[in-house]
Number of protein chains: 2
Amino acid sequence: MARLVYERADLLPLLGEVFREHGFEGASLAVISRRTGLGKGSLYHFFPGGKEEMAAAVLAHVDHWFETQVFRPLREEPDGRRAITAMLEATDAYFRSGRRVCVVGVFALAESRDRFAVKVASYFSAWIDALAGALGRAGHPPDDARALSEEAVGLIQGALVLARALDDPAPFARTLARLKARLVPERPAP
Amino acid sequence: MARLVYERADLLPLLGEVFREHGFEGASLAVISRRTGLGKGSLYHFFPGGKEEMAAAVLAHVDHWFETQVFRPLREEPDGRRAITAMLEATDAYFRSGRRVCVVGVFALAESRDRFAVKVASYFSAWIDALAGALGRAGHPPDDARALSEEAVGLIQGALVLARALDDPAPFARTLARLKARLVPERPAP
DNA sequence: CCTTAATTGTACCGATCAGTACATTCTGTA
DNA sequence: TACAGAATGTACTGATCGGTACAATTAAGG
């Protein structure tokens, strides 16, 4: 058989999609095997810890993506408005304008939250912290910035739930547009 | 053994908690049996359709609760501001101030969405429609009302995800407080 | 070509899954 | 008390679960 996967890292995007679509409980080794094209032998070769290790690797992979593409720019870009605009664009791209849900959110709602409690919690708190900082640099008063950041991150997650529930990505797109207007108004925040 | 359950309806709250905590895939008949105190014989006596019928009954039960306690008051209470305030209070009570997640949201994010697509979608669209009407009666311009309603429902769902992810109900409470300030401002909306 | 180790598919394990069959136990009505 | 039907627990089914063992295959180095 042709060798399609050369590295463990090549598997992570595929595994990510499987867990995103099925959740942890619903992602059976059978569907993982089918979607990756790898037998159990290969899967356990790359992930001796089994399904739990696969899910942990996916969470770490997602966290790393957001850390480098979203959180760090939010923290380090001196221009707060530019940082927030970039975050909204990256978010829109990552979630495919609402056609993709958040695997961390999926894990958070189900039983699997307890198993991955630390990673799930740190993902959201890192996002809120980084965005609050950028909002502060964009001119929002510190007290507002924190509340606004929490609201924005929650709004994104809620819009993903809504988009999936209604089977329509439009609510997510509208939410991002409203968020942009609120977080980065045409005239800098008072 | 003492008979604890006399009617199928008595089971729905128990089943609701199980599906809320475990999701559809994660709620095995073993845990359902343990949590309800009923053997499989009894469960299949009440729900010949098995797990799927149980979940459908739970969704219908939740939908009925929201219909009578939230959606209908939102539609029929002439005073829009009063209707919205009552909705926020009922929502806070139902979700136990953020200590409880939304079983429809849980179903929406996981694979189970496809199985219950109609009920999941209608729950959210009914909520958004009813709230948009009340917002209109509360003085919000029609265009704003629709967008504001969608945002509010999404915000509630997102806050539930956040509360569960961070294992802290506070974000939900703060979100409801902000929502109240936005939907029912001290001085009626412009 | 030969060796070696990494990689992979397959057969299997015990446990658990949803669901069925059915005998037993209750409960209400004579 | 006696009976009928509802309610219930238990034992089972085949399928699938996550995970293991291991032999066959592959690729790289000499």
Side-chain angles (χ1 to χ4, degrees), chain A residues 1-60 103 106-107 110-116, chain B residues 1-60 103 106-107 110-116:
Chain A
M1 169 179 287
R3 183 162 141 168
L4 299 171
V5 174
Y6 292 85
E7 312 233 11
R8 174 183 145 130
D10 299 332
L11 285 172
L12 293 179
L14 295 173
L15 290 175
E17 289 306 308
V18 174
F19 283 116
R20 187 188 314 277
E21 293 169 20
H22 298 81
F24 182 78
E25 284 83 10
S28 71
L29 282 186
V31 14
I32 294 175
S33 175
R34 181 160 40 84
R35 291 281 291 270
T36 57
L38 260 51
K40 290 192 186 183
S42 312
L43 291 172
Y44 275 84
H45 169 71
F46 287 117
F47 302 96
K51 210 169 89 160
E52 178 142 356
E53 184 176 343
M54 297 179 209
V58 164
L59 284 182
V103 65
V106 172
F107 276 37
E111 209 182 358
S112 44
R113 192 212 80 97
D114 303 323
R115 208 189 289 251
F116 305 102
Chain B
M1 171 178 288
R3 182 159 140 170
L4 299 171
V5 174
Y6 291 85
E7 312 233 13
R8 174 183 145 131
D10 298 333
L11 286 172
L12 293 179
L14 296 173
L15 291 175
E17 289 307 310
V18 175
F19 283 117
R20 190 189 310 280
E21 293 169 20
H22 297 82
F24 182 77
E25 284 82 11
S28 72
L29 282 187
V31 17
I32 293 174
S33 177
R34 179 160 41 84
R35 291 281 292 270
T36 57
L38 260 51
K40 291 192 185 182
S42 312
L43 291 172
Y44 274 85
H45 169 71
F46 288 116
F47 303 94
K51 210 170 88 161
E52 179 141 356
E53 184 177 345
M54 298 179 207
V58 163
L59 285 182
V103 66
V106 172
F107 276 37
E111 207 182 359
S112 44
R113 192 212 80 97
D114 303 323
R115 209 188 289 251
F116 305 102

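Lettering of chains follows the sequences in order, A, B, ..., and the numbering in each one begins at 1. Source: prediction; values computed, not measured.
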Backbone N/O of A/Ile32 and side chain of A/Lys51: donor-acceptor pair under 3.5 Å
no
Salt-bridge contact A/Arg35-A/Glu17 (side-chain N to carboxylate O under 4.0 Å): no
Whole-Å distance, A/Arg8 CZ to C/dT7 P, equals 13 Å
### Task
Output yes when at least one side-chain N/O atom of B/His45 is less than 4.0 Å from OP1 or OP2 of D/dA7, else no.
yes
B/Leu38 CG to D/dA6 C1', in whole Å, measures 13 Å
| message | Tell me whether A/Arg113 is salt-bridged to B/Glu21, with the criterion being a basic N under 4.0 Å from an acidic carboxylate O. | response | no
Rounded to whole Å, CD1 of A/Ile32 lies from P of C/dG9 at a distance of 15 Å
Whole-Å distance, A/Leu43 CG to C/dT7 P, equals 14 Å
Practice prompt. Answer yes when A/Arg8 and A/Glu53 have at least one side-chain N-carboxylate O distance shorter than 4.0 Å, and no when they do not.
Written response: yes
Requested in this report: Without swapping roles, check the side chain of B/His45 against the backbone of B/Gly41 for a donor-acceptor pair under 3.5 Å.
Outcome: no
In whole angstroms, the gap separating P of D/dG9 from CZ of B/Phe46 amounts to 10 Å
Legend entry - B/Ser33 side chain to B/Lys40 backbone, donor-acceptor under 3.5 Å: no
Per-nucleotide protein contact along nucleotides 17-22 of chain C, 5' to 3', at a 4.0 Å heavy-atom cut-off (B base, S sugar-phosphate only, - neither), is SBBB--
